[in-house]
Structures are given as structure tokens and as C-alpha cells.
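Structure first, then comments.
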Amino acid sequence: LISPRLECLPFERYTDGSKWRFLEHKGPVFAPPYEPLPDKVRFYYDGKPMKLSAPAEEVATFFAKMLDHEYTTKDIFRKNFYKDWRKEMTSEEKSKITDLNKCNFSDMNEYFKAQSEARKQMSKEEKLKIKEENERLLQEYGFCIMDNHKERIGNFRIEPPGLFRGRGDHPKMGMLKRRIRPEDIIINCSKDSKHPKPPPGTKWKEVRHDNKVTWLASWTENIQGSIKYIMLNPSSRIKGEKDWQKYETARRLKKCVDRIRAQYRDDWKSKEMRIRQRAVALYFIDKLALRAGNEKEEGETADTVGCCSLRVEHIKLYPKLDDQEYVVEFDFLGKDSIRYYNKIPVEKRVFKNLQLFLENKQPEDDLFDRLNTSILNKHLQELMDGLTAKVFRTYNASITLQQQLKELSCSDDSIPAKVLSYNRANRAVAILCNHQRAPPKTFEKSMQNLQTKIDEKQNQLSAARKQLKAAKADHKASHDDKSKKIEEQLMKLQVQATDREENKQIALGTSKLNYLDPRISVAWCKKWAVPIEKIYNKTQREKFAWAIDMAEKDYEF
DNA sequence: TGCACGACTTGCATGCAACCCA
DNA sequence: TGGGTTGCATGCAAGTCGTGCA
């Protein structure tokens, strides 16, 4: 698909900004219609059973299904849910149901639990039937034709209705996400294709033929009023080329990053406040891999920030802390309300600038009051074609992986030890980018299990060695292989334990999928004779097929 | 210049299937 | 063979950034 000769020349397939010439697909798959509850499943109001109208019942089931979740105990969630639920009630229901606290959904909740239990208990044949039906749906709706290629669609199913769950302290949690109908859907395909048919008796909102965009269908979601799209899978040509381009931009930054760094250091001394702010912000983005930090509409989303939107309350300055000078302490909620906490020593000039920016400000004031992402990105664009704040994250992530791999890899290591080194390099990047996860619920237990296995293996090994000694006395060497094999197994387990422990609160997936130039990994695998399957699973290999084709063992980011 | 909007990327959590072991 | 574990796919929320308009 992509010729290796073009390695350094990621191309625009079309010069007029169009993304395709031909696009044909079957349209989306809608959520199954609501099935009313059997009469025996009761909803109680104020202790008395009450039959709900279908629309009110459906929304009630969304709440009932979540009863075990912490969300349903939160005031905002309950308030938002109740308000939207009432809109679905008949006037009679509205006048009867006046207090959510008097609503009892537990019978419904138990019914759903029993249902999911029953699903687990289904016979093999029944499960197979469902699997086949899913496969049929995938074959029919899961692919499209784009410019002579059959491509996998990323999300061909429309999101079902339900209760909105934001992340962090979201002011809209609990609101009703309404059901999407064909009348809400805009279809995008080429004129000369076979247009998708809406379900019998329905119509699409619109059918358009816009080849300047990559999406196949879209609808407007009712919580934030934003548009949702049906797009292609990461393995598709259109996503792959874009991904490749992204890494090529980061590689161009590598060539001029020294110049840019010298420039912003110089700008720390500027007469103009806005230039100093821009330079300090850029320093943070570069050094700490912070996100750009767009402004957000207050009250519409959780209160999170990035670099440009940092507030006074998010940093603390310590002229001296322990044995270090000029320390900045960051403490704020970033994307997805993940906490960013870091104490780092900075250069004196940066520190003095920060003190200046803080003068006469309240905790809730912007740290960089003369800066926003658009100003910053305009500046970056002047420094390098295609440069934006997020390119620094990609660049620093990829260059860190490359450096770490160089440092950690050792030719004498076994394959598992090499893979551990890879994971550690990956981990360094995840830490830099603050990619965290909640420790798995079963973490402690699974660590214990692993330790038990290690102990057993150790016992096995010493037994085998004893046996070997005895055998040697008998001039039989055949047991040597055996202890060697056990040693290998033991080592593998120990490596696994180390890896898991170090990974307790770190999520590697995001950096691997979005920030690390896959050609670095492919080259490393070739250089150290590690099978690519050890690094990338099947889906990842499909996504990075372009890189697997392209990179040789001497590839340099 | 500021803002709203649209398109696309990034991100964590969840749920399920495959796997493993007793 | 069942029950727990693990790895992976999926879901969908929440970012970034460019554009067009007043």
C-alpha cells in the first residue's frame, strides 16, 4: 500500500484537500428497541407497586441497572436523572411521583442481575448462535469501500440510550442520553455509490457527499450538543497515513528543537509580558509534556486544565525545598480528571517569571493571563510548519522511548528480559505523559498468586538440581536440560512479577497507541531478534502495519 | 479578535471471551 | 469442567486544533 521508498515523504493523496474519491457503506446499526419489563417485575413508589408507562419505565431501567454504582448516590447525578426522567412521564405519573427518594428500583435491579446471570449460564449452542449473529452483523455493516479498498469501520453501532456518566465532577452526570433514530443521522457517501437504506418506514436526516471529511455517518448528541461520528478503524489507509504524518511532523521537530529551545529561553527575558508567558508555558509543555489546555465553558464540563489554562491555585513556588532550589509544585486535574502532581526544580529565570505572573492575583485567576492555546499555536506555526503544542508530546514521548531502549537493551538478555526492558522504556514514557490507571481491583491477590508460582518453581528447581547431582555421579547428563528449562521458567515468572509490580498504577496502552512512533519498536524488534508479537498484539499489528512494512533495524526516529 | 462549531485524536473504564489451573 | 484471571476489544467521554463568521 505504501512504498518504503517514500519513507520520509508522507504525502497528501489528493492535492485539493479531498480525502477520498469513492465511498460506499451500509449505514449504521441502531440500538435494539426497548423491551418492556414482564409484569412480575415491579417498580414501587412510596412502598406501593406502580406500573409505569413504557417511556418512563425505560428511563427507570437505566437507573435501576446502575444501582450498585457509586454514581447513583451522588446528588448531582440523582438530580439530573430525576429531572430528565420526569420529562418522559405521563402527566399522571408526574403528579404521583414527586420524590426520587421514595422510588424503589431494587426489584428491577435484581431482575437485570438475574438476566445477566442467565446469559452466563446459556448453553454452548445458544452462545454460538449469538456469536454468529454478531459476526453476520459485522460482515454486513462493519466494512465499507473507500477508494478501491475494503476497510473496517471503527464503530458501526449507534450508541444506545442511557444515563450520561461524565468523568470526575461532571455537572451533567445522570442526564438522559436520548435514543438516536434514523431521522437524526446524516449519511456521508459518494454520489455514485449504492446509498445505505434507512430501516423500513424511516428516513435519514440527510444524505450528503462531502469528500473533504472522513466520516461515514454523524449525529448530534443531546448532552453537550456535540457531533458524534462513525469513522474507519485505525487499520484503515486513511487513519494509517494520518498517523504516519503525525510522526513525521514530530521528527521534523527533532531537527529544530534545539533552535526552538534556545528561542524560548531567550524569550524568558523579553520586555513583553505576553512573550514571557508564552515562553514559560512552552517550557512546561516541552519539559513536562503538558497538554495545551484550551479554555472550557464553565459549568458545562468537569473543571480540568492544561498548560495554558493553569490557574494560580494549581502551582506552589518554593525558593528552597529540601536540598533543591527553585522548585515548582504542580497539583491540578488534567484530561479525564486525572490528577497531575509533580515537584520539579526549574531554572532561576523561570522561577522569577512565575513569581511575576502570580503578583496581585487570586487563586482562581489564570496563571498565564496573556496567553491561550490559539496564541501559542500561532507562534509555534511560525517556528515550524505544522508545529502545535501536541507535537511536543509526540516528540518527547518517541525520543524518550528511543533513548530508553538504547540504554536498557542488552544483547545477553533472554527474550523475556528484553521484553521487560521494552516495557520499562514504555513505562518511562507513560510516566512522562502522566498516563495513569486505577490499580486493578484484584491486584494484590494476583501478585500473591504469582509469588506462589515463583516459590513453587524455586522448589522444583532445587529438586531438579539435586537430581542432577545424583545423576552426574551416575555419568548421566540428561537432567541438565531439565534444570535449565526450569531455570528459564523461573526467570520468566520473576520478570513477569517485576513488570506487573512496576505497572500497578501506570497505563501503557495510551502511549503505545498514540505517542510512540511504531517504527522505533519495529526496528528494536528486528535489531534484538524479538518477535513483533511480543510487543504488539493482533489489533496493534494491524494498526501499525505501515510501520512494520517500512522500518528496518537501523531506523532512527 | 473572539467565539462557536466541526473534525479528528487521545484516554480511561468496562465487559467479555479466551485461557489457565485445580 | 467450572471458576477465577487476564488480555483485549469496545465504548464513549474529553481533549486538540483548524475554520469561518460576526
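Throughout, a chain's letter reflects where its sequence line sits, starting with A, and its residues are numbered from 1. Computed from a prediction, not measured in an experiment: that's the story for all the values here.
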Exercise. In whole angstroms, how far is the C1' atom of dG15(C) from the NZ atom of K246(A)?
Worked result: 13 Å
For this session: Answer yes or no: does a side-chain N or O of Q224(A) lie under 4.0 Å from OP1 or OP2 of dA14(C)?
Result: yes
Exercise. Just to confirm, is there a sub-4.0 Å distance from OP1 or OP2 of dT10(B) to any side-chain nitrogen or oxygen of H435(A)?
Worked result: no
Exercise. Where each residue is assigned the nucleotide of DNA chain C containing its nearest heavy atom, which of K228(A) and K538(A) is assigned the position nearer the 5′ end?
Worked result: K538(A)
Exercise. Do we get R339(A) above F332(A)'s six-membered ring, with its NZ or CZ under 6.0 Å from the centre and within 45° of the axis?
Worked result: no
For this session: Could you tell me whether K113(A) and D68(A) have a side-chain N and a carboxylate O separated by less than 4.0 Å?
Result: yes
Seminar exercise, completed: When rounded to whole Å, the OH to P distance for the pair Y71(A) and dT14(B) reads 8 Å
Exercise. Whole Å only: how far is the CD1 atom of I230(A) from the P atom of dA7(B)?
Worked result: 14 Å
For this session: Output yes when at least one side-chain N/O atom of N294(A) is less than 4.0 Å from OP1 or OP2 of dG15(C), else no.
Result: no
Problem set entry | Between N188(A) and Y229(A), a side-chain donor and acceptor under 3.5 Å | no
For this session: Mark yes or no: K65(A) above the aromatic ring of F112(A), with NZ or CZ under 6.0 Å from the six-membered ring centre and no more than 45 degrees from the axis.
Result: yes
Exercise. Just checking I223(A): base, sugar-phosphate only, or nothing, at a heavy-atom cut-off of under 4.0 Å?
Worked result: nothing
Seminar exercise, completed: Contacts of R291(A) and I227(A) projected onto DNA chain B by closest heavy atom; the upstream (5') one is I227(A)
For this session: Show your working on ring pair (Phe, Tyr, Trp, His ring centres under 6.0 Å) between W85(A) and F77(A) and close with a plain yes or no.
Result: CA-CA 12 Å; W85(A) 186 29; F77(A) 189 95; over 10 Å; no
For this session: Measure from the side chain of K335(A), starting at C-beta and using heavy atoms only, and say which of dC12(B), dC8(B), dG15(C) lies closest.
Result: dG15(C)
Exercise. Which nucleotide in the set dA7(B), dA13(B), dC8(C) lies at the smallest distance from any side-chain heavy atom of W215(A)?
Worked result: dA7(B)
Exercise. Rounding to a whole Å, what distance do you find between E135(A):CD and dT10(C):P?
Worked result: 11 Å
Exercise. Do the side-chain N or O atoms of T304(A) get closer than 4.0 angstrom to the phosphate oxygens (OP1, OP2) of dG15(C)?
Worked result: yes
Problem set entry | Out of dC8(B), dG11(B), dA14(C), whichever nucleotide has its closest atom nearest the side chain of F164(A) | dA14(C)
Problem set entry | Side-chain N or O of N377(A) closer than 4.0 Å to phosphate OP1/OP2 of dC17(C) | yes
Problem set entry | Y229(A) side-chain proximity, nearest of dC8(B), dT10(C), dC12(B) | dC8(B)
Exercise. Which nucleotide in the list dT16(C), dG15(C), dC16(B) gets nearest to the side chain of R119(A)?
Worked result: dC16(B)
Seminar exercise, completed: Considering only heavy side-chain atoms of V213(A), the closest of dC17(C), dT10(C), dC8(B) is dC8(B)
For this session: Ignoring backbone atoms, establish whether K19(A) has a side-chain N or O less than 4.0 Å from OP1 or OP2 of dC8(B).
Result: yes
Exercise. With respect to the phosphate group of dT1(B), does any side-chain polar atom (N or O) of S374(A) fall under 4.0 Å of OP1 or OP2?
Worked result: no
For this session: In whole angstrom, give the distance that lies between atom CZ of F392(A) and atom P of dG15(C).
Result: 22 Å
Exercise. Is the shortest distance from a Lys or Arg side-chain nitrogen in R167(A) or D336(A) to a carboxylate oxygen in the other one below 4.0 Å?
Worked result: yes
For this session: Describe the nucleic acid contact of T301(A) in one word from base, sugar-phosphate, nothing, applying a heavy-atom distance below 4.0 Å.
Result: nothing
Exercise. From dT16(C), dC8(B), dA13(C), pick the nucleotide closest to the side chain of T214(A)?
Worked result: dC8(B)
For this session: Please tell me which of the listed nucleotides, dG11(B), dA7(B), dC12(C), lies nearest to the side chain of P160(A)?
Result: dC12(C)
Problem set entry | Atom-to-atom span, CD1 of I180(A) to C1' of dG11(C) - whole angstrom | 15 Å
Exercise. Cationic tip of K177(A) within the cone over F164(A)'s six-membered ring, i.e. under 6.0 Å and within 45° of the normal?
Worked result: no
Problem set entry | Shortest side-chain distance from K177(A), nucleotide among dA13(C), dC8(B), dC12(B) | dA13(C)
Seminar exercise, completed: R437(A) atom CZ is separated from dT6(C) atom P, nearest whole Å, by 11 Å
For this session: Using only side-chain N and O atoms of H170(A), determine if any of them is under 4.0 Å from OP1 or OP2 of dA13(C).
Result: no
Exercise. In terms of side-chain geometry, is the basic nitrogen of R237(A) or D147(A) positioned less than 4.0 Å from the acidic oxygen of its partner?
Worked result: yes
For this session: Check whether any side-chain N or O of K239(A) sits under 4.0 Å from OP1 or OP2 of dC8(B), and answer yes or no.
Result: no
For this session: Looking at every strand, decide which applies to G293(A) at a 4.0 Å heavy-atom threshold: base, sugar-phosphate, or nothing.
Result: sugar-phosphate
Exercise. Heavy atoms under 4.0 Å, any strand shown: does A302(A) hit a base, just sugar-phosphate, or nothing?
Worked result: nothing
Problem set entry | 5′-ward residue of the pair D336(A)/N372(A) relative to DNA chain B | N372(A)
Seminar exercise, completed: Considering only heavy side-chain atoms of R167(A), the closest of dA7(B), dA13(C), dC17(C) is dA13(C)
Problem set entry | Any K390(A) side-chain nitrogen or oxygen under 4.0 Å from OP1 or OP2 of dT9(B) | no
Exercise. To the nearest Å, how far apart are Y340(A) OH and dG11(B) P?
Worked result: 14 Å
